[in-house]
S.K.: 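Before I ask anything, here is the structure I am working with.
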2 protein chains.
Amino acid sequence: MPAPARKPPMSKESLLPLLARHVLAHGFGQASLRPLAKAAGTSDRMLLYHFGSKEALIADLLAYLAALYAAGLETALGDDRPSTRADVLARIIDQNRDPAMQPFMALWWEIVAGAARGTPGFAAAAQAMMGELLGWLEGQMPEGDADPAGGARYLLTVIEGAMMLSAIGHADTAREGLLAGGLAPS
Amino acid sequence: MPAPARKPPMSKESLLPLLARHVLAHGFGQASLRPLAKAAGTSDRMLLYHFGSKEALIADLLAYLAALYAAGLETALGDDRPSTRADVLARIIDQNRDPAMQPFMALWWEIVAGAARGTPGFAAAAQAMMGELLGWLEGQMPEGDADPAGGARYLLTVIEGAMMLSAIGHADTAREGLLAGGLAPS
DNA sequence: GCGTATATGTAGCGACTGCTACACGCGCTT
DNA sequence: AAGCGCGTGTAGCAGTCGCTACATATACGC
């Protein structure tokens, strides 16, 4: 006779991936406890039991998403180092154009909006993610670059501008802008 | 005896400025009908009477905000044309740093987030505003610029990247990036 | 004066919000 | 075996959501 379907223990750690999946699909704006709980296969009652409050849940979720983003950057890092700043730029632009990244991008702008409005935890998460990206960019800068730290910051600025324009449907503008800025890949 | 306090007629046009004031202060996320109505000195009942539905109200409000932004750009335009791209950049960065712009910037990122998630009307409003800014930038490009159209797009990309980094508290990163990108004002 | 269209107030609907009180079953210690 | 604490299910709270039914007040054409 089969074992009676052991239910695995529930914890923040086991819930966070499921919660992240839901907010990636539907955004923070629609993230109320009952839908979140349903997506995680539990009840609003249990979410509050484990996280204490919705605000704490969101804070934990933001931290988890930031860690997820950092992990994603690690695996996306190729072994070969690009030879020009424009190549670094092209690499990350291509990566962000990947349809698999789209839910993350949509969520990203919600995080930026929350940070701009001062919603607790959002600015910290946004800063963490941009810090990760900046660090990754510094490591990606070409060997002979005269100013890798400054160059990484410059590229970060350009990248995020291009991402924003793409998000609102002005990808063409961004592409033409990068071209005119001398940032077309070799 | 004094006239019995004529109440002026209510219309979309008279309501929109008051509604805009409220969303600028509190954001779209908190924009539910009753608070909006209170800010406009009326009732949710009347907002729906005049706009038809909340979705239509938001659409009208976005269009109004886009027009407001365009009008603001007109008046911000100085008569003197800058002599370098970096000066154009510095001018608009300074303008956006103005504390008076902060509510607008906070709202802007909400509009971007809505556009990225496909919320109806948000992408159109975002595109309209960026189109206005792009046109303004083209008119501001230095006299002898080799590629004013491309240069304006390049500057737009850089500007928005810098604005985003500032919004999340990484203004220093943006400043250092612009410096390294050769975009420090002369 | 009369009827009608427009504008507004009152009251409420059902659904959803974050959160909580209460009960219950299970595994642990003593 | 008794008691106790942890995890969980059920039910519900007060408040807010967008929206609507209904009554009414006012202004204008005839």
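Throughout, a chain's letter reflects where its sequence line sits, starting with A, and its residues are numbered from 1.
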S.K.: Can you tell me the distance, in whole Å, between the CZ atom of B/F51 and the C1' atom of D/dG18?
M.R.: 15 Å
S.K.: With a 4.5 Å cut-off on side-chain heavy atoms, are A/T173 and B/M130 touching?
M.R.: no
S.K.: State which residues pass ring-ring contact (aromatic ring centres under 6.0 Å, His included) with A/Y49; sequence neighbours excluded, sorted by chain then number.
M.R.: none
S.K.: State whether B/H50 places a side-chain N or O below 4.0 Å from either non-bridging phosphate oxygen (OP1 or OP2) of C/dT8.
M.R.: yes
S.K.: Roughly how far apart are B/L57 CG and B/L16 CG, rounded to 0.5 Å?
M.R.: 7.5 Å
S.K.: How long is the span from the CG atom in B/L183 to the OH atom in A/Y154, to the nearest 0.5 Å?
M.R.: 6.0 Å
S.K.: Specify the separation, in whole Å, of atom CG of B/L15 and atom C1' of C/dT8.
M.R.: 13 Å
S.K.: Between A/R117 and B/F28, is a side-chain contact (heavy atoms from CB on, under 4.5 Å) present by the stated rule, with each step listed?
M.R.: CA-CA 11 Å; A/R117 186 137 327 259; B/F28 277 108; over 6 Å; no
S.K.: What is the distance, rounded to the nearest whole Å, between atom OH of B/Y49 and atom P of D/dC22?
M.R.: 18 Å
S.K.: How does protein reach along nucleotides 15-24 of chain C, written 5' to 3' as B (base within reach of a heavy atom under 4.0 Å), S (only sugar-phosphate), or - (no contact)?
M.R.: --BBBBBB--
S.K.: Output yes when B/D94 and B/R91 qualify as a salt bridge under the 4.0 Å nitrogen-oxygen rule, no when they do not.
M.R.: no
